Amino acid sequence: TDKAIPGGDTVKVEFEDGIAWVHLNRPEKRNAMSVGLAREMNAVFDALEVDDRAGCIVLTGSGEAFSSGMDLKDFFRATDGISDVERHRAYRETRAWQWRTLMYYAKPTIAMVNGWCFGGAFTPLICCDLAIADEDAVFGLSEINWGIIPGGVVSKAISTLMGDREALYYVMTGEKFDGRRAKELGLVNEAVPKDRLKARTRELAKILIDKNPTVLRQARMAYKYAREMNWEQAAEYLTAKGDQTTFVDREKGREQGLTQFLDEKTFKPGHGHYKR
Ligand code: ACO
């Protein structure tokens, strides 16, 4: 393909067999997130959503960090001195990719936590669909340690995955924890040794890439929206979403599944997906 590779100075993208590896790419700053990085991330995610080379996105960090959180210099100090309107824009651009874009992205996303993960880095971590960490990666809600609250949407994000006792414990103490503990807390699906991190992430991405992409997208959206609804609304919405899925699925997965299981007897849904 002659399509340009999206990214820039602060975000690096690599394509490999249907996976787009998106790197926070300021290793010399432990991938601290600046205003400029937010702009690049927004452009990258916009581009990848319609790029056939990206069947699954893996968000990770260059070098020894996933991300050391928001950049104290190039995000906080830099926005202290500008107008309210510009500051509002900087915050909005950061929230855009870290939260809304990732939470409702058209393609499946995996966060691969390869090292330091602090403060603001919890938002994109949590807003990815799935997450795998190096068991020795170091996490921390370090905001309290330097005199701010877990802002942006960090406090909201952690409340969706962590229990209140545990979330408040780390919000209040700023204590660090490792990847194994992140798994116990429900922040990541798995914690694996460093030398298995990339292989295991690749394996999981491959499983997702092999699914019917339309149905996979609809299933992710259905889950994320239904969890915000009451039971009556969810029942109505999910029935409608199911019908919509059948309608928009060009591959006609439901029909394939029924035929291959009931008539041809060539597969059993309990064991894996139908032949695509
Ligand atoms: N903001 C700005 N600069 C940063 C950040 C950050 N969040 N994290 C690291 N850097 C810079 C350092 O200032 C240093 O810059 P320099 O080389 O110009 O002096 C460079 O990145 C390397 O960092 P070191 O501290 O030297 O690396 P080390 O491996 O010793 O420590 C660690 C890594 C533990 C991540 C440390 O850098 C740190 O505590 N960073 C801040 C973590 C944090 O609390 N982030 C903010 C969370 S709150 C929020 O996101 C809203």
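As the structure lists them, so they are numbered: ligands from 1, and atoms in each ligand from 1. What you are looking at is a predicted structure, and each value in this text was computed from that prediction instead of being measured. Each residue takes its place number in the sequence, starting with 1.
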- request: Step by step, work out the side-chain hydrogen bond (donor to acceptor under 3.5 Å, both in side chains) result for Gln260 and Gln256.
  value: CA-CA 6 Å; Gln260 291 181 25; Gln256 291 283 335; 3.0 Å; yes

From CA spacing to verdict: side-chain hydrogen bond (donor to acceptor under 3.5 Å, both in side chains), Thr10, Asn25: CA-CA 5 Å; Thr10 63; Asn25 192 38; over 6 Å; no

query: Say you draw a straight line from CZ of Arg254 to OG1 of Thr246; how long is it, rounded to the nearest 0.5 Å?
result: 5.0 Å

- line: Between Thr201 and the options Ile110, Leu130, Val192, the side chain to side chain contact (heavy atoms under 4.5 Å, CB included) test singles out Ile110

Show me the side-chain donor-acceptor pairs of residues 151-163 shorter than 3.5 Å, one per line, residues at least two apart or across chains.
residue : atom : partner : partner atom : Å
Ser155  : OG   : Pro150  : O            : 2.7
Ser159  : OG   : Lys156  : O            : 2.7
Thr160  : OG1  : Ala157  : O            : 2.6

task: To the nearest 0.5 angstrom, please state how far the OG1 atom of Thr101 sits from the CH2 atom of Trp97.
output: 10.0 Å

Return a table of N or O atom pairs, ligand 1 on one side and protein on the other, at distances under 3.5 Å, rounded to 0.1 Å.
residue  : atom   : partner : partner atom : Å
ligand 1 : 1 (N)  : Leu72   : N            : 2.9
ligand 1 : 7 (N)  : Ser68   : O            : 3.1
ligand 1 : 7 (N)  : Met70   : O            : 3.0
ligand 1 : 8 (N)  : Ser68   : OG           : 2.9
ligand 1 : 15 (O) : Lys29   : NZ           : 3.3
ligand 1 : 18 (O) : Lys29   : NZ           : 2.6
ligand 1 : 21 (O) : Glu28   : O            : 3.4
ligand 1 : 27 (O) : Arg30   : NE           : 3.2
ligand 1 : 27 (O) : Arg30   : NH2          : 3.2
ligand 1 : 29 (O) : Arg30   : NE           : 3.0
ligand 1 : 29 (O) : Arg30   : NH2          : 3.4
ligand 1 : 44 (O) : Ser142  : OG           : 2.6
ligand 1 : 45 (N) : Ser68   : O            : 2.6
ligand 1 : 50 (O) : Met70   : N            : 2.8
ligand 1 : 50 (O) : Gly120  : N            : 2.8

